[in-house]
Amino acid sequence: MPSRCPLLCRLATLLCVWALCQAHSDTELPPGTPIIQLRLAGDKRKHYEGRVEVYYNGEWGTVCDDDFSIHAANILCRELGYVEAVSWSPSSKYGKGEGRIWLDNVHCSGQERTLAQCKSNGFGVSDCKHSEDVGVVCNQRRIPGFKFISSFTNSVEVSLKHKHTLNVQVEEVRIRAISSQRKRVPITEGYLEVKDRGKWRQICNEEWTEMNNRVICGMYGFPGEKGYNTKVYKLLAKRRKKNYWDFGVNCTGNEASLHGCKLGRKVELKGNTTCEKGMPVVVSCVPGRAFAPSHTGDVNCQTSPEQGEQPLVRLRGGANIGDGRVEVLKNGEWGTVCDDNWNLKAASVVCRELGFGSAKEALAGGRLGQGMGPVHMNEVECSGFEKSLTECYFNRDALGCSHEEDAAVRCNVPAMGFQNKLRLSGGRNPFEGRVEVLVEKNDSLVWGTVCSDSWGTMEATVVCRQLGLGFASNAFQETWYWPGDVRADDVVMSGVRCSGTEMTLAQCLHHGKHLHCPRGGGRFAAGVSCSESAPDLVLNAQVVEHTTYLEDRPMYILQCANEEHCLSSSAATATPSSYRRLMRFSSQIHNNGQSDFRPRAAHNSWVWHDCHRHYHSMEVFTHYDLLSLNGTKVAEGHKASFCLEDTQCEEGIEKRYECANFGQQGITVSCWDTYRHDIDCQWIDVTDVVPGDFIFQVVINPNYEVAESDYTNNIMKCRCRYDGHRIWTYNCHIGERLDDNSGDYWLQQY
């Protein structure tokens, strides 16, 4: 059952990329165990190594290397989400830390669940210097299913006495629109106000800069700033009573929020003559194309570049708007970015390039899933003011980088009010329930249900995204077990068809005011369940390319395959002594996601196939198609999931699923399932195909029966040549689905 991880509203400012996390566990720590947070810091390091720093009693400090051991390093690495430690380093290998040395003479048995349980001199009791700060190197493999519970945002809260940085919570800053623009969504222009000592106060603009505007717009989800009509605001300022804040603000333009900026000159408050040469600060921001302002709260559905314009950067694998693994396009092929030196400056360049604001987080270690293909960029260094990530300096040599080090971002997005127009009702927890939408009816706003006809995973994905609840777990066409508000039983939306990329359910195709729902709402209303994580299946293209061959097989030993419709239609009239020509290949399907891939159907509803003597947990698990160069289908095949299991796993990962004795089926995170070329239906029947050049396409989970974090990598395409006697596959790659009319575009990539 999904659970919400509490987020503490603390703010921080760091000069290094670091990870703050603690393992999610079903069992609480023993009473009295100190609550700590850990991070790895230091220069010239990978994300899985660094100086050990501990957050305790509101202050960051280090750990002394006296009596430190590999057992302590193992505890620490597991607490950070890595499977184990590789080594540890004494004598401040990663540089000298600052502040307190919290722990000294640490003794761990290796069984502790947190470093705080290990024996030591006690917190703050140490005779060490920072030249003895200990460092660790963790195994870069993540613990499967590890839940990161971030207790901070990107900045550490600092008092005004230290480093002169602002100490204002994000919730205490606002853009207050003037009356003529208050109904516009999102609010892009208005007076900037900060809440101090319980009162909202304006900031004097006498020393206000464009860099300050840039930071404010970025933290509110806008990529840029612009000018405004000063006459209007000067006139309004003269009419209103003003209450100025005591300080000015100095920002460099790269801060993630106002809280990272330095305090400016202290303002002398002199009643009505305060800020005599200026007026209250006004900011005016430019929204991204997808967030064009409206008076209704609807958004511009044009979320992609203009016709003919090819984006160079994209996000994949994120659950929410503005989250995702960073991928860049080079030489017609999408690839990832290595997380070496990945920081908020580079992440903000990505976010602004894509039409969002500044970055909330720069994520390392494949936190939002692992990509495929080449690693195009390594050791990225940005000033923060580039128009595109491709303008930043980077190392083209990605030697030593793997997809376990894929960089990702979480961007600030505008407040669109999406969550106010949709709700889940009747569920056992906030992550599930009947879908109810708020619509205008007879000049008033009413809640109603969504017709469940054709309701599926894509629609559920959009609902979970709109509510900020992560990924879709299931889509339900009956919700009688979730008693919602009876006043909302009436259907107010029908015929919903989503592609899965929409930001709101209203953006999906639907019937509008002309409702058609034969089954009605109530018990047949649409429902969803959401999850914070999801699987991500990816086919190993190289295995397919290297195992393809032809086999002529007699019809009399293909009767079971024929019953399961694995042969072409001409097989229905074939004699038992005739032969079928089969294009055979192996498929190795990896789960690169954050949770296990499980069939949607429960074990007791799997379909028994007597001929092959096995159950099908998914009637259609993969589609195999042979297409002409213009995209026309000339032959096809399909594979039911009669056995989804962990054939093999990465080192240190235990297999969970095995088909023997009708066991549970699935694919564990960091494991893969191999369908060998000699298994029935692992082919395309090419008996009736004339020689020529073709496109070979494999699509996993084609009907979206199981929700995944990324469907674009479920498709593999190869060039294929058949001369009547032999067959070759080459140039296999993972990419978007090849539609009937997109063959020419795909061929242009070669």
Side-chain angles (χ1 to χ4, degrees), residues 14-23 25 29 33-56 59-143 146 148 339-342 364-367 400-402 404-405 650-653:
L14 301 175
L15 299 178
C16 56
V17 178
W18 50 272
L20 283 171
C21 51
Q22 68 184 43
S25 175
L29 291 170
T33 303
I35 303 301
I36 65 172
Q37 292 278 352
L38 300 175
R39 73 184 183 195
L40 300 180
D43 298 326
K44 297 181 179 180
R45 64 184 186 88
K46 300 276 191 176
H47 67 274
Y48 49 83
E49 63 178 338
R51 180 178 61 249
V52 178
E53 296 194 351
V54 179
Y55 189 79
Y56 175 73
E59 185 179 350
W60 282 105
T62 61
V63 177
C64 182
D65 58 16
D66 291 353
D67 295 335
F68 201 83
S69 68
I70 192 65
H71 296 303
N74 276 324
I75 297 299
L76 186 145
C77 288
R78 285 198 292 268
E79 195 168 354
L80 288 170
Y82 301 100
V83 295
E84 62 183 357
V86 174
S87 63
W88 63 277
S89 304
S91 307
S92 61
K93 175 183 175 181
Y94 296 98
K96 297 179 182 180
E98 296 179 350
R100 303 280 294 274
I101 297 178
W102 278 126
L103 295 172
D104 188 8
N105 297 114
V106 177
H107 292 271
C108 300
S109 67
Q111 303 302 314
E112 296 86 355
R113 290 174 44 221
T114 170
L115 198 66
Q117 290 181 299
C118 297
K119 295 179 180 178
S120 69
N121 293 348
F123 281 90
V125 181
S126 173
D127 59 358
C128 296
K129 298 179 180 179
H130 281 298
S131 58
E132 300 172 80
D133 287 342
V134 74
V136 299
V137 178
C138 300
N139 188 314
Q140 57 184 303
R141 293 199 310 276
R142 293 286 188 187
I143 298 173
F146 182 84
F148 289 89
D339 62 12
D340 292 354
N341 299 341
W342 187 248
R367 285 273 299 277
C401 287
S402 68
E404 292 178 340
E405 300 173 74
E650 293 181 5
E651 185 181 353
I653 308 299

For [X], give me all partners under side chain to side chain donor-acceptor pair (under 3.5 Å), at least two apart in sequence or on another chain.
X      : value
Asp104 : Ser126
Ser120 : none
Ser109 : Glu112
Glu84  : Asn139

Roughly how far, to the nearest 0.5 Å, is [atom2] of [Y] from [atom1] of [X]?
X      : Y      : atom1 : atom2 : value
Leu80  : Leu115 : CG    : CG    : 9.5 Å
Asn105 : Cys118 : CG    : SG    : 13.0 Å
Thr62  : Lys96  : OG1   : NZ    : 12.0 Å
Ser91  : Glu132 : OG    : CD    : 7.5 Å

- Message: Using the rule given for side-chain contact (heavy atoms from CB on, under 4.5 Å), can you reason through Val137 versus Tyr82, listing the C-alpha separation, both sets of side-chain angles and the distance that settles it, and then say yes or no?
- Response: CA-CA 10 Å; Val137 178; Tyr82 301 100; over 6 Å; no
[X]: what forms a side chain to side chain contact (heavy atoms under 4.5 Å, CB included) with it, not counting sequence neighbours?
X      : result
Ser69  : His71, Ala72
Ser402 : Gln140, Glu404, Glu405
Lys119 : His107

- Message: Holding to ring-ring contact (aromatic ring centres under 6.0 Å, His included), I want the full list of residues that pass it with Phe123, two or more places apart in sequence or in another chain.
- Response: Tyr56
- Item | Any residue meeting ring-ring contact (aromatic ring centres under 6.0 Å, His included) with Tyr48, in chain and number order, not counting sequence neighbours | none
Side-chain contact test, heavy atoms from C-beta onward, threshold under 4.5 Å: evaluate it for [X] versus [Y] and give yes or no.
X      : Y      : result
Asp127 : Asn121 : no
Trp88  : Val52  : no
Gln37  : Trp60  : yes
Asp133 : Asp65  : no
Leu76  : Leu40  : yes

- Could you list all the disulfide bond (SG atoms under 2.5 Å apart) pairs where at least one residue sits in residues 62-96, not counting sequence neighbours? Cys64-Cys128, Cys77-Cys138
- Message: Using side-chain contact (heavy atoms from CB on, under 4.5 Å), reason through Ile36 and Glu79 one step at a time and then give a plain yes or no.
- Response: CA-CA 10 Å; Ile36 65 172; Glu79 195 168 354; 4.0 Å; yes
- Only counting residues at least two apart or in another chain, list the ones meeting salt bridge (Lys or Arg N to Asp or Glu O under 4.0 Å) with Asp340. Lys46
- Item | Results of salt bridge (Lys or Arg N to Asp or Glu O under 4.0 Å) for Glu53 - residues two or more places apart only | Arg39, Arg51
- Query: Looking only at heavy atoms, what is the nearest atom pair of Ala364 and Asp339, with distance?
  - Reply: CB-OD2, 3.4 Å
- Query: Counting distance only, does the side-chain N/O of Trp102 pair as donor-acceptor with the main-chain N or O of Glu59 below 3.5 Å?
  - Reply: yes
